[in-house]
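See below for the structure under consideration.
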Amino acid sequence: SLVAMATELNLALLRDLGFATSTLGTPATTDMIVALRAPSQSHIDGALAWLDNSLVERSGHCIPDAASAAPRTLGRALRAADASIAVISTPGANVVPEAVDALRAGALTMIFSDGVTLHNERRLKELAADVGGLVMGPDCGTALVRGIALGFANKVDKGHIGIVAASGTGAQHLSCLLNAQGLGISHILGVGGRDLLDEIGGLSTLRALSLLDADPTTEHIVVVSKPPGPRTAARIASAAEKLSTAVTLGLLGQDCVDITHLAREVTLVLGRDFIVPRADRQSGGEIERGALAGLFSGGSLATEARCGFGQDFGPIADLDDFGPAPSPTDIARCDGHVLVDLGDSRMTVGRPHPMIDSTIRRDIIAELGASRRCRHLFVDIVLGYAAAPDPVGDLADAISGFLSANRANTATAAIVGTAADPQGLELQRRRLLELGCDVFESNAMATAEVASRLELGQ
């Protein structure tokens with residue numbers, strides 16, 4: 001199903017979901033699309049009846065009194081509903097007034113949008129500190145609050161580990177790895193990927209640590225972040241030492257920390273034996289010298305992989321090497337190794353996030369197969385709420401074509417998910433194996449496997 005404004009992007013998404021749009025004519029962007037797929041006509045009739053009743057036109061001659069008027073601001077809506085969480089997903093330029101309104105209404109404020117300046121991000125987080133609130137974001141795609149998933153998140157068991165995350169897919173991967181160890185999650189508080197930059201100073205991380213420290217269900221706190229600013233890293237470490245709740249810091253890029261290492265450390269600290277994540281290796285035969293193409297939907301996983309490769313294989317191109325608006329063809333035709341986060345804001349202008357829609361990765365992989373330049377393909381497959389219903393199926397033809405283009409080609413996949421995720425972890429893993437991929441439930445272990453292949457092929 002889809003309920004959205006009739007923008008070009010949403011019409012394209014409607015087609016990608018398998019709905020016919022030819023009968024819509026030329027809708028205005030202010031029109032609302034309601035698309036339903038149901039098991040029977042009676043279900044559709046019932047939904048349409050409910051919709052018609054909900055959209056009954058009100059008389060324009062009636063001026064409602066203040067008590068019955070619908071809230072016209074986010075803050076009033078929060079107060080009217082006695083709500084404690086606001087999720088904001090608007091163009092970045094429109095975020096600040098809505099976030100200010102939500103914070104002043106006392107709500108935890110999750111900003112899914114990107115495009116907010118560093119200056120405005122800091123101002124919002126300073127306001128949150130003044131009013132006792134929390135800004136989750138901007139560009140916060142993952143949170144789990146009191147068992148309720150917000151944005152991209154996995155179905156994990158409830159438990160006593162709280163996660164503070166300046167890293168969306170990093171938080172997802174960590175929560176899945178801990179879930180596989182039998183360790184449940186109390187909350188995941190995303191703070192946005194820039195929070196631990198020195199320009200922001202970890203303001204939301206500090207507040208999230210305080211909230212989890214006061215939470216009776218949280219008995220251990222883990223901080224996971226992309227590489228932080230040095231001053232902010234020291235500030236967070238100092239604050240963590242003063243809490244009554246034990247804290248494990250997982251700051252990627254420091255002291256060889258990766259997410260699997262972090263999960264192992266937490267598991268051992270809590271007195272359990274660590275179960276090594278599943279790895280299915282099936283590539284064999286001749287290893288040819290050739291380029292690596294790492295095509296990631298998760299920015300944290302891409303960062304972890306890049307840190308894992310280090311400088312051993314020479315330069316590995318990233319999005320900065322392709323100019324302000326890279327095209328899929330630019331990436332596919334890169335001369336040498338390339339490792340990119342296709343969920344970066346530069347790649348999602350006018351198109352859905354690659355965890356929702358695999359088109360951009362499918363196109364790049366297909367072109368890599370046709371060019372015969374690339375020998376090693378490395379992808380992540382992220383399951384969970386809000387992700388594509390069949391991410392492996394979406395990429396299957398392209399991966400199959402890449403592997404059949406040269407008998408020496410290899411494909412490695414890091415899969416992030418739990419057995420309870422709607423896509424089915426085992427089903428997705430098995431389909432990857434049927435395609436001929438090596439499959440790892442640890443991104444760090446997958447990175448090590450790809451690195452060994454690059455080394456052997458040199």
Side-chain angles (χ1 to χ4, degrees), residues 74-75 78 84-89 92-93 95-145 150-151 162-168 170-171 187-215 218 221-245 247-254 299-300 303 345:
L74 180 56
L78 288 163
S84 58
I85 300 175
V87 180
I88 299 173
S89 182
V95 162
V96 172
E98 300 299 336
V100 168
D101 205 18
L103 289 167
R104 288 179 174 163
L108 299 182
T109 302
M110 177 177 175
I111 303 174
F112 190 85
S113 314
D114 55 21
V116 179
T117 66
L118 276 170
H119 173 71
N120 283 338
E121 179 174 343
R122 185 174 178 90
R123 286 177 58 209
L124 288 172
K125 292 180 174 181
E126 288 172 340
L127 173 61
D130 290 341
V131 301
L134 172 66
V135 173
M136 296 187 284
D139 198 18
C140 175
T142 297
L144 185 74
V145 181
L150 303 173
I163 297 175
V164 180
S167 166
H187 309 280
I188 299 174
L189 300 181
V191 295
R194 304 185 303 190
D195 190 67
L196 268 69
L197 296 180
D198 286 334
E199 292 88 338
I200 304 298
L203 292 173
S204 283
T205 299
L206 292 169
R207 176 61 177 154
L209 284 169
S210 177
L211 289 171
L212 290 176
D213 190 40
D215 174 45
T218 300
I221 301 171
V222 188
V223 178
V224 59
S225 168
K226 296 174 185 176
R231 295 195 308 275
T232 301
R235 185 183 187 190
I236 298 303
S238 176
E241 291 177 356
K242 299 173 184 175
L243 300 181
S244 59
T245 309
V247 179
T248 300
L249 297 179
L251 308 180
L252 302 183
Q254 289 193 341
S300 304
T303 298
S345 58

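Values reported hereafter were calculated over all heavy atoms of this structure, with side chains retained and with hydrogens, waters and symmetry mates removed. A quick note: this is a predicted structure, and the numbers were derived from the prediction, not measured.
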Exercise. Hey, mind stepping through V247 and V164 against side chain to side chain contact (heavy atoms under 4.5 Å, CB included) and telling me if it holds?
Worked result: CA-CA 10 Å; V247 179; V164 180; over 6 Å; no
Check for a donor-acceptor pair, side chain of [X] on one end and backbone N or O of [Y] on the other, with a separation under 3.5 Å.
X    : Y    : answer
S167 : A165 : no
D195 : T205 : yes
D101 : G75  : yes
R122 : E199 : yes
R207 : G133 : yes
D213 : S244 : yes

Problem set entry | Test log, rule side chain to side chain contact (heavy atoms under 4.5 Å, CB included), inputs L74 and I88 | CA-CA 10 Å; L74 180 56; I88 299 173; 4.1 Å; yes
Value rounded to 0.5 Å, distance of [atom1] in [X] from [atom2] in [Y]:
X    : Y    : atom1 : atom2 : value
I221 : T248 : CD1   : OG1   : 9.5 Å
H119 : L124 : NE2   : CG    : 9.5 Å
T117 : R123 : OG1   : CZ    : 8.0 Å
E126 : E121 : CD    : CD    : 11.0 Å

Which atom pair, heavy atoms only, marks the closest approach of [X] to [Y]?
X    : Y    : result
I200 : R194 : CG1-O, 3.5 Å
M110 : G141 : CE-C, 4.0 Å
A171 : T142 : CB-CG2, 4.4 Å
L134 : S204 : CD1-O, 3.6 Å
T218 : H187 : OG1-CD2, 3.9 Å
G192 : C140 : N-CB, 4.4 Å

For this session: Taking the side chain as every heavy atom from C-beta outward, state whether L196 and L251 have any pair of such atoms under 4.5 Å apart.
Result: yes
Let me have the donor-acceptor pairs involving side chains of residues 222-241, under 3.5 Å, with sequence neighbours excluded, atom names and distances please.
{"residue": "T232", "atom": "OG1", "partner": "L197", "partner atom": "O", "Å": "3.4"}
{"residue": "T232", "atom": "OG1", "partner": "D198", "partner atom": "OD1", "Å": "2.8"}
{"residue": "R235", "atom": "NH1", "partner": "G201", "partner atom": "O", "Å": "2.8"}

